[in-house]
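Have a look at the structure below before the remarks.
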Protein chains: 2
Amino acid sequence: MNADPQIKKGRKYGQVIAGAREVFLREGFEGASVDAIARDAGVSKATLYSYFPDKESLFHAVLNGVCNLQRTEGLGVALNATDVPSALRHIARAMITNQCSESNLALFRVCVGETQRFPELGRQFYETGPAEGLRQLAGYFRSPAAQEALDIVDPDAAADIFVRLCRTNLMIQRVLGVIDEPDEETVAAEAEAAVEIFLARFARRD
Amino acid sequence: MNADPQIKKGRKYGQVIAGAREVFLREGFEGASVDAIARDAGVSKATLYSYFPDKESLFHAVLNGVCNLQRTEGLGVALNATDVPSALRHIARAMITNQCSESNLALFRVCVGETQRFPELGRQFYETGPAEGLRQLAGYFRSPAAQEALDIVDPDAAADIFVRLCRTNLMIQRVLGVIDEPDEETVAAEAEAAVEIFLARFARRD
DNA sequence: GACAGGATAAACCGTTCGGTTCAGCCCGAT
DNA sequence: ATCGGGCTGAACCGAACGGTTTATCCTGTC
């Protein structure tokens with residue numbers, strides 16, 4: 001019964017990463033003290049420093065993981081939707097909900113606040129987040145179903161517009177801590193507005 | 001010749017604020033050391049602490065000033081524009097340029113990064129920035145010229161859509177440090193796309 | 001030229017930081 | 001029973017932090 005797959009080397013590796021993620025995403029790089037991380041991880045400082053040579057390496061390891069974890073799903077629901085407008089509504093709702101989620105916002109805040117100190121961080125967040133979302137959306141606009149229902153000649157440009165329309169005021173307010181996480185109806189209304197404007201320009205006239 | 005209007009009390013007040021603004025906007029609250037601020041301001045730490053009781057008070061004074069300084073102009077050019085589409089183009093360009101400017105981005109980054117620690121900060125930035133922009137835009141949509149050219153029944157909702165369309169990918173990339181300040185042609189192209197989509201829905205059909 | 005008050009450099013305070021060290025504990029493998 | 005490596009808690013280091021103090025300097029005023 002030694003089938004533990006986490007037997008990398010040292011049993012507390014996961015705890016360290018989890019605790020560091022918690023504290024870093026809450027306090028930022030400068031604001032997070034190594035003592036606080038070790039305390040939150042339930043691990044001694046000595047153990048922590050046996051895994052990572054310094055605070056910066058730990059920070060990079062944590063944010064690397066979190067960035068690669070952010071998935072722009074919503075494409076799955078789009079495929080088995082009955083019609084294209086419904087699919088667009090689902091995608092818009094997923095994007096807006098995702099933007100307003102506390103987990104994503106915490107990551108975004110840290111990346112933005114630390115972009116000056118760690119330039120690669122901003123780039124990585126952009127690539128694994130917004131850029132990936134744009135690519136997936138453009139891919140959907142190239143699908144036969146979308147091409148049939150929509151008058152899109154440049155899928156990349158259309159995806160850019162759609163994403164703009166999903167960058168709602170809710171997101172800005174959430175980023176700045178002005179409001180709490182919005183409920184489903186609020187998100188649905190914002191998504192509906194986005195889809196309406198999008199279709200006013202890109203719906204195929206028959 | 002004692003007509004100096006800056007004779008508030010102490011001659012170095014302006015220097016302190018200027019230096020603190022410089023360092024705070026570059027390094028954030030935790031990252032900025034009081035010694036660095038005093039050095040950058042060309043002032044001794046004792047002088048600095050004769051004006052402000054502590055680092056936090058100085059931070060609030062500085063960001064209060066910078067937040068209130070951010071003006072959403074663009075309304076002036078809109079009034080003396082020949083036609084409404086041109087006015088919209090001007091507004092869109094001004095908004096996008098403003099979002100991508102280093103001065104505004106530095107403020108935004110600090111407000112976002114420090115929103116958890118100082119909740120009032122995010123709210124103040126939102127009110128003096130995005131919210132004010134929305135109000136001004138909605139006001140323009142209520143003007144006779146705009147009402148005549150555009151099919152807008154809810155000026156607030158229309159302003160919200162217009163602002164969304166101006167929240168371009170350029171801004172996201174700028175916030176995350178992925179690209180440098182864009183040139184005028186790039187901004188103009190993004191503004192043009194925004195206005196086109198907006199008019200596709202709100203242009204009055206005759 | 002005496003005075004007053006803003007400004008100065010530099011030393012200093014206590015605290016906290018990132019990072020290291022070490023003696024000992026726990027526990028599975030042999 | 002013993003061994004060894006992961007882990008512990010706590011002490012410790014030098015440096016930097018925010019903040020204070022002091023003795024001195026500078027400058028405009030009367």
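Hydrogens, waters and symmetry mates play no part in the numbers below; they use all other heavy atoms, side chains included. Letters go in sequence order (proteins before strands), and every chain restarts at 1.
- Side-chain N/O atoms of A:Lys45 and base N/O atoms of C:dG19 include a donor-acceptor pair closer than 3.5 Å.
- The nearest whole Å value for the distance from the CG atom in B:Leu48 to the C1' atom in D:dG18 is 11 Å.
- In the displayed structure, B:Asp180 atom CG is contacted under 6.0 Å by at most 12 heavy atoms of other residues, nucleotides or ligands.
- Both B:Gln15 and A:Gly31 sit near DNA chain C, but only B:Gln15 has its closest nucleotide nearer the 5' end.
- Per the geometry, CZ belonging to A:Phe59 stands 13 Å off P belonging to C:dG18, to the nearest Å.
- At the heavy-atom level, B:Ala38 lies nowhere under 4.0 Å from the strands shown.
- Listed nucleotides D:dG6, D:dG19, C:dG18 differ in distance to A:Val34; the shortest reach to its side chain belongs to C:dG18.
- Note on A:Asp156 versus A:Arg142: salt bridge recorded, some NZ/NE/NH1/NH2 to OD/OE distance being below 4.0 Å.
- At whole-Å resolution of the value, CZ in A:Arg39 and P in D:dA10 are 12 Å apart.
- Here D:dT27 presents its C1' atom at 12 Å from NZ of B:Lys12, a figure rounded to the nearest Å.
- Protein atom CD of A:Glu27 is 17 Å distant from nucleotide atom C1' of C:dG18, rounded to whole Å.
- Considering only side-chain N and O atoms, A:Tyr51 lies nowhere under 4.0 angstrom from the phosphate OP1 or OP2 of D:dG6.
- The aromatic rings of A:Phe29 and A:Phe118 lie perpendicular to each other, with more than 60° between the two planes, well past the 30° mark.
- Within the structure, a side-chain polar atom (N or O) of A:Lys55 is placed less than 4.0 Å from OP1 or OP2 of C:dG18.
- Distance, A:Ile37 CD1 to C:dT16 C1': 15 Å, rounded to whole Å.
- When the P atom of D:dT20 is taken as reference, atom CG of B:Asp35 falls 13 Å away, rounded to whole Å.
- Applying the 4.0 Å criterion to OP1 and OP2 of C:dA7, one finds that B:Ser44 has every side-chain N and O outside that range.
- Salt bridge annotation for B:Glu127-B:Arg123: absent, with no cationic side-chain nitrogen under 4.0 angstrom from a carboxylate oxygen.
- Using a 4.0 Å heavy-atom cutoff across all strands shown, A:Ala32 reaches sugar-phosphate atoms only and no base atom.
- A:Lys45 places no side-chain N or O within donor-acceptor distance of the main-chain N or O of A:Ile37, the cut-off being under 3.5 Å.
- The phosphate of D:dC7 has neither OP1 nor OP2 within less than 4.0 Å of any side-chain N or O from A:Thr47.
- For A:Ala46, taking side-chain heavy atoms from C-beta onward, the closest of the listed nucleotides D:dG9, D:dG18, D:dT22 is D:dG9.
- To the nearest angstrom, P of D:dG18 lies 6 Å from OH of B:Tyr49.
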